[in-house]
Amino acid sequence: MRATSVLWTCLLGVMGLGAQPAAPPKPDPDVLLFTDGERLTGHFVKSSGSALTFHSDAVGDITVDWSKVKELHSSAKVAVIPKGVRLRKRADAATIAQGTLAVEDQQVRLTGDQPRTIPVADSGQIVDLAGFEKALSHQPGFFSDWKGTVTVGAALVNATEDSESFTGSVALVRAIPTENWLEPRNRTSLNLNAAYGEQTQPLTPTIKTAIFHGDAERDRYFSPRLYVFGQGAFDHNSPQGLNLQETYSGGIGLTVIQRANETLDVKTSVSYIQQQFNGAPNLDLIGSIFAEAFNRKFVHGLSLDQHLTLIPTWNNTNAYSAAFNAVLTMPVYKRIAASAGFIDSYLNNPPPSFRKNSVQLTIGLTYVLR
């Protein structure tokens, strides 16, 4: 009896396995046909402006100008966002053309419930439909969607005089939402940079240099270009006799230039500043910040980040300060880049015997966070 039960169980199992539905067939690969007759198979990734990104198993991701594309045949379901359009909320998705993608004669042809034909020149963004819907409802946690760079550098000398110096910086930014076809809501940025050095010689006191800067800023957008911000900054600079400077600011910012390869922000604020010096009285100051931040991307992955900050103080006009920094980054291998930087900190009221300017030249390796 027990053997019969086991036999029936095995038979039913085999029958159940046989009755399982077959796996759905794998969709045919997308086909990209160039104007010169060359052909690639793979899958469409996205389109932005005048170019599209296509993934080929043979060559990986490539970016191609639409002007070089004769046809694109794809099974991908996409959303086509018109040039210059930025969406605010999920309900806006109903205004966006959606369907299965094909491109012929510089025309985007969408098939589905509502077929549409859109000139390639009028399509600002073409994104996959699943990613489009996810981006509209995405509510990231605080520790997600950060981008930025981590840079380190060092120099060692061993001779009659021994010296060692270390530099490092962290620049992080979190812009919500991350897609540039959605209107910005907020942006958080964190910046740290430090330099430390020692110089020693027999029968001579050790000379130490320590410079530190850290700041955090939160921006809240009223429109795609206009925002209010709150910022806190902390500085220590031993070559200027500055033990600690604390700056707390609130103000308004404007994105003056916003292009794919170039941005320029200007900001102004009202600030409270406390300065603690080495061998001089501490100061409590009311001032303002006038600042600009410029970023430019060049060919071959080169990028330039530049910042200028002017801080006049109103209750003690002699205590003004300024800072300028610029970093040029060049890709080396995957996420590793080489960087060269210039930092100039100006303090108009250092203690006696200390210089007003503190200048740093840095060279290091940078790891890019994405």
Side-chain angles (χ1 to χ4, degrees), residues 21-83 96-112 115-135 138 144-150 178-181 259-261 297-303 329-339 365-370:
K26 188 175 180 180
D28 293 333
D30 299 345
V31 178
L32 183 65
L33 182 63
F34 294 90
T35 53
D36 62 1
E38 188 178 349
R39 174 189 176 104
L40 275 180
T41 59
H43 66 265
F44 171 83
V45 179
K46 65 179 179 178
S47 169
S48 177
S50 62
L52 78 149
T53 302
F54 191 85
H55 179 82
S56 166
D57 293 336
V59 297
D61 286 349
I62 62 170
T63 300
V64 183
D65 285 345
W66 276 114
S67 61
K68 298 179 181 179
V69 175
K70 182 178 181 181
E71 295 179 9
L72 170 64
H73 300 283
S74 173
S75 59
K77 293 184 177 180
V78 300
V80 180
I81 303 156
K83 185 179 296 184
I96 300 302
Q98 304 173 22
T100 303
L101 175 68
V103 179
E104 295 180 14
D105 302 323
Q106 296 296 300
Q107 300 288 322
V108 178
R109 306 183 192 279
L110 298 179
T111 58
R116 294 278 299 275
T117 299
I118 304 166
V120 167
D122 295 338
S123 62
Q125 306 274 346
I126 304 177
V127 297
D128 72 278
L129 190 57
F132 173 76
E133 293 174 345
K134 181 180 178 181
H138 184 44
S144 63
D145 294 333
W146 287 95
K147 298 180 180 180
T149 59
V150 178
T178 57
E179 291 77 11
N180 59 8
W181 46 267
R259 304 189 185 106
N261 66 335
K297 295 180 174 64
F298 301 95
V299 295
H300 307 303
L302 287 170
S303 67
T329 305
M330 178 182 67
V332 175
Y333 177 74
K334 293 186 176 180
R335 296 192 182 188
I336 304 297
S339 64
L365 288 178
T366 296
Y367 182 78
V368 180
L369 305 174
R370 298 174 183 171

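Start at 1 with the first residue, then count along the sequence. Just so it is clear, the structure is predicted and the values come from calculations on it, not from any experiment. The figures that follow rest on heavy atoms only: side chains count, while hydrogens, waters and symmetry mates do not.
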Judged by atom type as modelled, is there a donor-acceptor pair below 3.5 Å linking the side chain of [X] to the main-chain atoms of [Y]?
X	Y	answer
K70	G37	no
D65	K68	no
S47	A51	yes

Residues forming a side chain to side chain donor-acceptor pair (under 3.5 Å) with [X], sequence neighbours excluded:
X	value
D145	H138
E71	H73
T149	none
K77	none

Original post:
If you look only at pairs with a residue in residues 29-41, which of them pass as a side chain to side chain donor-acceptor pair (under 3.5 Å), with sequence neighbours excluded?
Top reply: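 For residues 29-41, and leaving out neighbouring residues, the side chain to side chain donor-acceptor pair (under 3.5 Å) pairs sorted by first residue read D30-S74.
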
Rounded to the nearest 0.5 Å, how far does [atom2] of [Y] lie from [atom1] of [X]?
X	Y	atom1	atom2	answer
L302	K297	CG	NZ	12.0 Å
I62	L32	CD1	CG	6.5 Å
K83	S123	NZ	OG	7.5 Å
T63	F54	OG1	CZ	12.5 Å
L72	E104	CG	CD	9.5 Å
L40	F34	CG	CZ	4.5 Å

**OP:** List in chain and number order the residues that pass ring-ring contact (aromatic ring centres under 6.0 Å, His included) with H55, two or more places apart in sequence or in another chain; answer none if no residue qualifies.
**Re:**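 Partners of H55 under the ring-ring contact (aromatic ring centres under 6.0 Å, His included) test: H43.
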
**OP:** Go through L369 and Y367 one step at a time and tell me if the side chain to side chain contact (heavy atoms under 4.5 Å, CB included) criterion holds.
**Re:** CA-CA 7 Å; L369 305 174; Y367 182 78; 3.4 Å; yes

Taking all atoms of both residues into account, what is the closest heavy-atom pair of [X] and [Y], and its distance?
X	Y	value
P331	H300	CG-O, 3.3 Å
Q125	S48	NE2-OG, 3.5 Å
Q98	A79	CG-CB, 4.1 Å
L101	L110	CA-CD2, 4.2 Å

**OP:** Check the pair T366, T329 against side-chain hydrogen bond (donor to acceptor under 3.5 Å, both in side chains), reporting the backbone distance first and the verdict last.
**Re:** CA-CA 8 Å; T366 296; T329 305; 5.1 Å; no

Original post:
So with a 6.0 Å cut-off around CZ of R116, is the heavy-atom count from everything else above 12?
Top reply: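 Not buried by this count: 12 neighbours or fewer within 6.0 Å.
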
Original post:
Is the shortest heavy-atom distance from the side chain of S50 to the side chain of V120 under 4.5 Å?
Top reply: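 They are not in side-chain contact.
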
Original post:
Quick one: are V64 and V69 in side-chain contact, heavy atoms under 4.5 Å?
Top reply: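 A side-chain contact exists here, since the closest heavy-atom pair is under 4.5 Å.
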
Subject >> side chain to side chain contact (heavy atoms under 4.5 Å, CB included) evaluation trace for L129 with V78 >> reply: CA-CA 4 Å; L129 190 57; V78 300; 5.8 Å; no

